[in-house]
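None of the values given here were measured: they were computed from a predicted structure. Side chains included, hydrogens not; waters and symmetry mates left out as well; all remaining heavy atoms used. Chain letters run A, B, ... following the sequence lines, proteins first and then strands; every chain starts at 1.
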Amino acid sequence: MSTLITILRRLLRLPFHVASAIVLLVAVAGIHQLWDNVSRIESALPLDSLYRERDLSAMLQDLSRLEKAVALAQIQPSPANLEALHFALDVAFLRHADKVAAYRGGIIAGSDVFATDLEKALNQLDMTLQARPVTRATLAPHVARIEEVRQRLKVLSDAVFQRSMEQASAQRSELRSLQSSTSAMIFLLGAFGLGLVALLLRQQSIIRALECRDRELQDSERAERELRERQERIADNVPGVIFQLRLEADGKLVFPYTSKGLAKFFGVTPEAAAEDGSRVLDALIAEDRGRVRRALQRSAESLQPWTSECRVQRPDGRIVWLSSFATPQRKPDGAVLWHGHCHDITRYKAAEEEIRNLAFFDPLTGLPNRRLLTDRLSHALATHGRNRQHGALLFIDLDNFKTLNDTQGHQYGDQLLCQVAARLSACVREADTVARLGGDEFVVMLEELGTDVASALPRAETAGEKILAALNGAYLLNGQEVHSTPSIGITLFDARDSRVDELLKRADLAMYEAKEAGRNTLRFFDPVMQATVEASSALESDLRRSLREGGFALHYQPQLDRDGNPTGAEALVRWLHPEKGMISPADFIPLAERTGLIVPLGNWVLEAACRQLAAWQQDAHTASLSLAVNVSVRQFRHPDFVEEVEGVIRRTGANPARLKLELTESLLLDDVEEIISKMTRLRQLGVCFSLDDFGTGYSSLAYLKRLPIDQLKIDRSFVRDVLTDPNDAVIARTIIALGHSLGLNVLAEGVETEAQHRFLLEHGCHHFQGFLFGRPRPVWREAGVVVV
Amino acid sequence: MLVFVLLAILLLPVWAAAGAGPVPVRVDLPLSKDDRSVLVVQTGAGEHSFSLAQLEALGLYRVSTSTFWPGDEGVFEGPLLADVLKAAGLDDVAEVRVSALDGFTQQIAREDWTRWPVMLATRKKGQPMTTRNKGPIRIVYPRDMDPQLADARYRLRWVWLVKQIEGVSR
């Protein structure tokens, strides 16, 4: 059984047609064998023996009858018995003729002899019956003879039967073998039938498996199609464009795949892009095209991701910003394949632009701010280095902006700034930069003015004049005509000027010079000025050190009344520089003002003066003297100034009524109300005030009336030319008259000659100060008496 | 015309043997005068006794046929079994039992005598048959007329020494 299974298994493993052929051959052989067996079964049937035996039995029966009939006739030869004998003999003859074949032909030993003897016996009996008369005697020998042949036939019949039985037995075993062989055949055929069934089943299962695979294939195809459709749906609905970009080895550019967004942005169908990718690049605006191509080339060479931000003109004419990102792969054929996407970043770009504007532009005027200016200036310095070009920086400050802002309000100031910005922008070339640093400070940067200073300088000056003229025109603010003037500082620069803040400082200094020069003008920064600047910065540190270490001293210049009696003195600060010796206040006071050192210096002066006052009070000769102390604008503006003065007075024990604070007109430019309030508080302490340099500034007479001052000082410039310049004489006289009419005393300073003294005296001036009466000295000297 | 002549020449041997074909044909011969009873036909109504003269009077047929036994073949004459049974009033029975003088009996189905012209032969080669020659009457099937009749089944139905026929109802 196991071998059969093995064979079946082998059979199952054979190729189907070979297995089928084998099964078919075996089946044909089996059927043939079966057919053969059936034929043999038919031929093996013992029909001959059966017939022969039956024939012999019939003959034996006939002979028995004949024997009986002969015996009866021999006993009583009556006609009836003889008739019966005749009939029996006829039948015997008939049977013999009929059956002679049954024992003729040597079917069994002695059968042929028997046949002859039987025939002879029958013929002898027949002859006896023919030869009449038939008697008991004639019949007698026949009785024995017939009996004898009957006996022999009986033996023969038994032998035939015996043989027939043997034959039957042989045939039976033959049939048995046939049966077993047929059974084997049937079994074999059955087995192969089963094999056939197995093959069919296998075939069925193969067919089913194939169908199943076919179905799976269809399923997977459907799944793949669905996947592809989904992917396309996603790709086509994702904002922007998803793409494959291929740069062939020969430089040709194609887009093997692009989502539908392509047509929206580039006006190129995906099919057209798959044929020729340059159509897509052509949709970029011209100035971005080269940059994008270069970025692609770099990405192809380095195989680093390609990123680009570029503008494209959409079919509807709108220009949008696209951001692209794609990762490259090198293909075996030398091409580079990118997978990437790009999307609309127009809004992001706009936001970025706005942020940039906020960061780099002044929100009020829209001009670049300090930061952008610094950027551009650095850039300009770098390019000018390459081009050997000169540029210019113009520092512009509006002269009376603060007043306008304070008196008219910020709205007016803002409007003015906007108009100034517009006029400035209109004055310069497109490539130049106009920036607002803050407040009323503007900077104009002019580039590429020429390769040498000689050509750059006049061009810068022309530009400055143009700006000066443009800003000088009247401004219409809320229907009101307003005048404004600028002060402009100009500095040239080239590649050697590497520091941006240094340049700005230079321009600022030049502007300061313009202010000094009377405003509404322009000034160049020059090397001399530079030297001054450098010197001043050295001076500044010395100043600080001297403040710490006490390098200052007070000198006193006497002040006299009309009768020539001293009323007091003005305290003037002197700086004894450790190396340079005595330094003029004209040199270090502006520096102190600029650096803010004026506040501590002023405080020192105040304290020193008060100590001097307190000292004078100890002496009867000097007890009535007052001492005038210069207070700078910055010092006075200091929030704690009043408290400071109060503290000094308390500390020193000086009589505040003898302390006279000299203020300049420039103090009155800003925050007049606060100034008045401060002055009033000091006045309450008993401190007096004198208005210094009167007539040089812009004092408003309206304010003058409200200020709690005691004295006006006629500036030394008027006094100097009072005899030669009629204008100065008029001014001097006017100031004196003004003082009198306001109830103030008037002091002329810088009186150097007797003629000046006389003129002023005649015109009603009652107080004098000047070299005519005494130079400033470190000690109070009066009539040979030195009071320390 | 020529065609008919040729056909006639071709068919001449057939006609010549017309008196002895495989298919029994009607023949006119001088009838037997023997009126001794040789056959008894038993019917439900009684029995009919037939002499040779009476049997031959029913109409003689002739057939030339082989038999199952060697040397037994030849030309036989006699009435049809169907005619005999009809004359005796047994033509509607399903079967008849035929008995022989030596005690042999055999049944013959109605199908046999209606399908084939089965004869109750009274003569062989025109001569009456003796007992030794299976006479006086024997059943003869037209064995060469139909191959089916060569089947061994039909061998026992060739009853000779016929003595009696009786109807058998199934």
Side-chain angles (χ1 to χ4, degrees), chain A residues 42-69 80 82-107 112 115 118-119 121-130 150, chain B residues 34 36-40 52 65-76 78 98-107 120-125 127-141 143 147-164:
Chain A
E42 198 198 31
S43 64
L45 284 173
L47 284 178
D48 289 350
S49 294
L50 285 173
Y51 286 140
R52 186 171 292 127
E53 207 218 311
R54 190 190 155 88
D55 287 351
L56 288 182
S57 301
M59 190 70 229
L60 196 59
Q61 205 176 348
D62 288 343
L63 277 183
S64 298
R65 283 208 196 105
L66 182 61
E67 191 189 340
K68 240 180 255 172
L82 283 175
E83 178 69 15
L85 180 59
H86 267 289
F87 179 73
L89 185 61
D90 281 351
V91 169
F93 265 118
L94 170 60
R95 191 71 67 191
H96 174 66
D98 185 27
K99 306 304 179 190
V100 69
Y103 37 82
R104 278 252 171 90
I107 49 150
D112 284 342
L118 173 60
E119 210 172 308
L122 290 179
N123 282 330
Q124 283 172 351
L125 181 56
D126 192 32
M127 276 193 293
T128 305
L129 288 178
Q130 302 288 339
R150 188 191 60 82
Chain B
D34 193 339
R36 286 177 296 171
S37 173
V38 288
L39 178 68
V40 174
L52 282 175
T65 185
S66 62
T67 73
F68 287 95
W69 302 271
D72 193 42
E73 68 282 351
V75 177
F76 297 89
V98 181
S99 307
L101 289 168
D102 59 355
F104 179 81
T105 63
Q106 185 68 30
Q107 292 191 3
L120 203 58
T122 52
R123 306 188 196 193
K124 190 170 183 185
K125 289 183 187 166
Q127 297 303 311
M129 294 180 288
T130 62
T131 305
R132 290 187 192 183
N133 281 321
K134 307 177 183 174
I137 43 177
R138 63 182 285 189
I139 298 285
V140 172
Y141 278 77
R143 189 174 184 258
Q148 193 185 334
L149 292 173
D151 192 277
R153 280 180 295 163
Y154 294 95
R155 182 180 147 131
L156 294 181
R157 298 183 199 175
W158 287 61
V159 184
W160 55 67
L161 307 180
V162 174
K163 184 179 75 177
Q164 184 181 314

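- In this structure, the separation between CZ on B:Arg132 and NE2 on A:His86 is 8.5 Å, given to the nearest 0.5 Å.
- Contact of B:Leu101 with chain A is made through backbone and side chain together, with heavy-atom distances under 4.5 Å.
- Atoms CD and CG, from A:Gln61 and B:Asp102 in turn, are 8.5 Å apart once rounded to the nearest 0.5 Å.
- Going from atom CZ of A:Phe87 over to atom OG1 of B:Thr131 covers 6.0 Å, rounded to the nearest 0.5 Å.
- In this structure the side chain of B:Leu161 reaches within 4.5 angstrom of the side chain of A:Val91, judged on heavy atoms.
- At a threshold of 4.0 Å, the pair B:Lys134-A:Asp90 does not count as salt-bridged, since none of the basic side-chain nitrogens sits closer than that to a carboxylate oxygen.
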